Amino acid sequence: MGRLSRASLFLSLLSGVLAPVSADSELVWDSTEKPLTGDSTFDKAACPNYAHYAAYPHRPLSKGPLALPFQRPDRRCRTFHSDAIEKVIVDITSRMKDPDLARLFENTFPSTTDTTIRFHTNGKDGKGKKPPPSQWPMGAFGDNEGAWEGPHSFVITGDILAEWLRDSTNQLSPYQALAKKDPRILTLILGAINTQSEYVIESPYCNAFQPPPISGLAPSMNGQDDTVHPIFEPSAVFECKYELDSLGHFLALANDFFEHTGNREFMNKRWYKAVNTLLEVLGAQSEPTFDSETGRYRPNEYTFQRQTTTGTETLNLAGNGNPLNNGTGLIRSAFRPSDDATIFGFFIPANAMMATELKRTATILKSSDKKSDLDLAETLQGWSRNITKGIWEHGVVPTRKYGDVFAYEVDGYGSSLLMDDANYPSLLALPLMGFVTEKDEVYQNTRRMLLEKTGNPYYLTGREFRGIGGPHIGLQNAWPMSLLVQARTSDDDEEIMECVKLVLKSSKLGLIHESVDVNWPSSYTRSWFAWANGVFAGTILDLAKRKPHLIFKDAVPYEV
């Protein structure tokens, strides 16, 4: 670790005075706690950069053997407040057996709202001003009627001032069940759906975006030299790696919201435009590399080249990637959810997610009495059926040791890649996305393969830690996220708790890291990774409902 800056040192000391808990490790929920804007005498400039703040422990410490620090920022520095979130923290932690596990949940469950909501408006509070079209393209083609109207939320990934479609959807996921109970959470998620709609309309091939033009926040540069087609506007887009799962997550955010609330406010003109834009991408990215009739090469609609010495950061063959065959029913993805380039472009986890989310969206539309909704639902169902058929026909391959398994990537020519990466969507997470059940035979074969070093090249084991990693970080670091997914796809109490305890022991700073060196857990990437914190919180909520005896002093299930 480096030295504390003066500002960080000052705020570290300040946190001991202003920490919203009692002097011991027991959390005391203060029902009078107000959001940041409620204290007009407090200067926000005093708030530390949380990326620096999270890298150092803060008191009070938990009473368990790990003595985990309290890492929530001062209440006046938090970026969003919800009484419902605070109540869940007390409900859960007051019943937990392990004070260290309780502290980790206390820090991680509110991580997204505490630290990553950089802009939010309910559309009526006067926050933000719609800019003229000349200041931000807001969709290079078609009209911009209704753009940036109503609620909007800008949810950053953590230590980067940009929003990833995938990350923000997963960051908000633990709060979806609270949306019906707390109007502020409902508006926050509704705003996130509206903002993602604008992003998809603007640049559907891109994965990460700049602050909304209505926020007044300045855009930032990623420092890369990329040549991308279709061209994008740098003031709107932070990075433009085409990842099929990004579009799947756009659908998932609204699908989860509707499932928990029954609220249809997101189904505005901009959302429909975004869904139709998504369908255009699916059409273009289902095309083969060579014309099926003439055999001639046909350039892909999307190409990406980066000046880099890291092979996974760019696409070969002039930015097209390796050839893909015709008639598979699968959709190409140039990059994985880890932001690494695919080897074979038919990335099975993202195809499975897309098939599932298209079907879920179609179900919402079919509950409407509008003919246009019913027609759109039929279109989405057709895509879902074709993709699902393609996965079972081309994405399942035989192995000598494990039997039939799901491949990670295929090309439609018979080539396949057998591995898994920690990032979601993954093969390990297929039941979580609803593509198969945990008991599916092919999934169980695949799961055994993925959780063995001899079956998955990125299953890493060491003296202190184990789990699935990936090429994004290297060959020594596993991701705690993979252990949490393993726990959530298991019914075995011993396996579940082994995974949870490994994650707990690797989280000495009271937060979930992006990745951990399997031999030296003190060596990690990212002290603060909001997505991973959300996955941990979601795992604890899952166990509280499904396996309460594992974490609670009693065996009474808890459901948000």
Side-chain angles (χ1 to χ4, degrees), residues 1 25 50-51 53-58 61-72 93 96-109 111 115 158-159 170 174 338 420-424 426 428-429 450-451 453 456 458-470 472-490 494-543 550-551:
M1 290 185 177
S25 64
Y50 191 74
Y53 185 87
Y56 302 94
H58 303 277
L61 306 179
S62 64
K63 290 182 176 179
L66 296 179
L68 297 184
F70 179 81
Q71 297 294 71
R72 296 185 69 182
T93 58
M96 294 182 82
K97 302 175 186 177
D98 186 335
D100 291 326
L101 198 63
R103 171 52 55 80
L104 195 54
F105 180 80
E106 179 185 348
N107 288 337
T108 58
F109 181 59
S111 178
T115 65
D159 51 8
N170 286 294
S338 59
D420 204 16
D421 188 286
N423 286 262
Y424 181 92
S426 62
L428 188 62
L450 301 180
L451 298 177
K453 182 63 179 174
N456 178 8
Y458 290 101
Y459 185 77
L460 309 176
T461 60
R463 290 190 300 269
E464 301 288 336
F465 195 69
R466 62 171 175 78
I468 299 173
H472 196 69
I473 297 301
L475 298 175
Q476 298 184 87
N477 283 36
W479 295 51
M481 192 185 301
S482 73
L483 288 167
L484 299 171
V485 171
Q486 182 181 346
R488 292 191 64 177
T489 54
S490 174
E494 185 176 345
E495 179 185 10
I496 291 170
M497 288 312 296
E498 184 180 2
C499 292
V500 170
K501 288 176 180 178
L502 279 169
V503 172
L504 178 63
K505 288 180 64 178
S506 72
S507 306
K508 299 295 178 61
L509 281 174
L511 296 165
I512 310 299
H513 301 305
E514 177 187 49
S515 73
V516 174
D517 188 305
V518 294
N519 290 308
W520 306 98
S522 57
S523 175
Y524 57 81
T525 59
R526 286 184 165 172
S527 56
W528 168 47
F529 188 33
W531 177 12
N533 287 319
V535 175
F536 176 81
T539 302
I540 294 300
L541 293 175
D542 170 65
L543 296 179
L550 294 181
I551 60 173

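All residue numbers refer to positions in the sequence shown, counting from 1. Source: prediction; values computed, not measured. These values consider heavy atoms only, across backbone and side chains, with no hydrogens, waters or symmetry-generated copies.
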Note to self: Check whether Thr115 reaches the backbone of Ser111 with its side chain - one donor and one acceptor, N or O, closer than 3.5 Å.
What the structure shows: yes
Next item on the list: With the side chain counted from C-beta on, respond yes when Val516 and Pro480 share a heavy-atom pair under 4.5 Å apart, and no when they do not.
Entry: yes
Next item on the list: Looking only at non-hydrogen atoms, find the nearest pair between Gly534 and Pro174 and report the distance.
Entry: O-CG, 3.5 Å
Check: With under 30° as parallel and over 60° as perpendicular, where do the rings of Tyr524 and His513 fit, or are they tilted in between?
Finding: parallel
Check: Do the non-hydrogen side-chain atoms of Met481 and Trp531 ever get within less than 4.5 Å of each other?
Finding: yes
Note to self: With rounding to the nearest 0.5 angstrom, report the CG to CZ distance, Leu541 to Phe109.
What the structure shows: 5.5 Å
Item checked: Close side-chain approach of Phe536 to Leu511, heavy-atom, < 4.5 Å -> no
Notebook entry, point to check: Does any non-hydrogen side-chain atom of Leu509 lie less than 4.5 Å from one of Asn107?
Noted result: no
Note to self: Measuring from atom NZ of Lys505 to atom NZ of Lys501, what distance do you get when rounded to the nearest 0.5 angstrom?
What the structure shows: 10.0 Å
Margin query: Check the orientation of Phe529 and Trp479. Use parallel for under 30°, tilted for 30 to 60°, and perpendicular for over 60°.
Written below: perpendicular
Notebook entry, point to check: With a 4.5 Å heavy-atom cut-off, do Asp98 and Phe105 have their side chains touching?
Noted result: no
Notebook entry, point to check: With respect to Asp517, which candidate in Thr525, Asn477, Ile473 satisfies the side-chain contact (heavy atoms from CB on, under 4.5 Å) definition?
Noted result: Asn477
Next item on the list: Give the intermediate values and the outcome of side chain to side chain donor-acceptor pair (under 3.5 Å) for residues Glu495 and Ser490.
Entry: CA-CA 7 Å; Glu495 179 185 10; Ser490 174; 2.7 Å; yes
Margin query: With a 6.0 Å cut-off (strictly less than), is the heavy-atom count around NZ of Lys453, excluding the residue itself, greater than 12?
Written below: yes
Next item on the list: Would you give the length of the straight line joining atom CG of Leu543 to atom CZ of Arg488, rounded to the nearest 0.5 angstrom?
Entry: 8.5 Å
Note to self: For Pro69 versus Leu61, what's the shortest heavy-atom pair and its separation?
What the structure shows: CA-CD2, 3.7 Å
Check: Nearest heavy-atom pair of Tyr53 and His58: which atoms, and what distance?
Finding: O-NE2, 2.9 Å
Note to self: Within this structure, what is the CE-CD1 distance for the pair Met497 and Ile551, rounded to the nearest 0.5 Å?
What the structure shows: 8.0 Å
Check: Can you tell if the side chain of Tyr50 reaches within under 4.5 Å of the side chain of Gln71, non-hydrogen atoms only?
Finding: yes
Check: Judged by atom type as modelled, is there a donor-acceptor pair below 3.5 Å linking the side chain of Asn456 to the main-chain atoms of Leu450?
Finding: yes
Next item on the list: Before giving the answer on side-chain contact (heavy atoms from CB on, under 4.5 Å), spell out for Leu66 and Lys508 the whole-Å C-alpha distance, their side-chain angles and the decisive distance to 0.1 Å.
Entry: CA-CA 7 Å; Leu66 296 179; Lys508 299 295 178 61; 4.0 Å; yes
Next item on the list: Report yes if the side chains of Leu428 and Gln486 come closer than 4.5 Å at any heavy-atom pair, otherwise no.
Entry: yes
Next item on the list: Give the minimum heavy-atom separation between Ser338 and Asn423, together with the two atoms involved.
Entry: CB-ND2, 3.5 Å
Checklist line | Interatomic distance, Ser62 atom OG to Leu68 atom CG [nearest 0.5 angstrom] | finding: 4.5 Å
Notebook entry, point to check: Looking at side-chain heavy atoms only, is the closest gap between Tyr458 and Asp421 below 4.5 Å?
Noted result: no
Check: Measuring from Ser527:OG to Ile512:CD1, what's the distance to the nearest 0.5 Å?
Finding: 12.0 Å
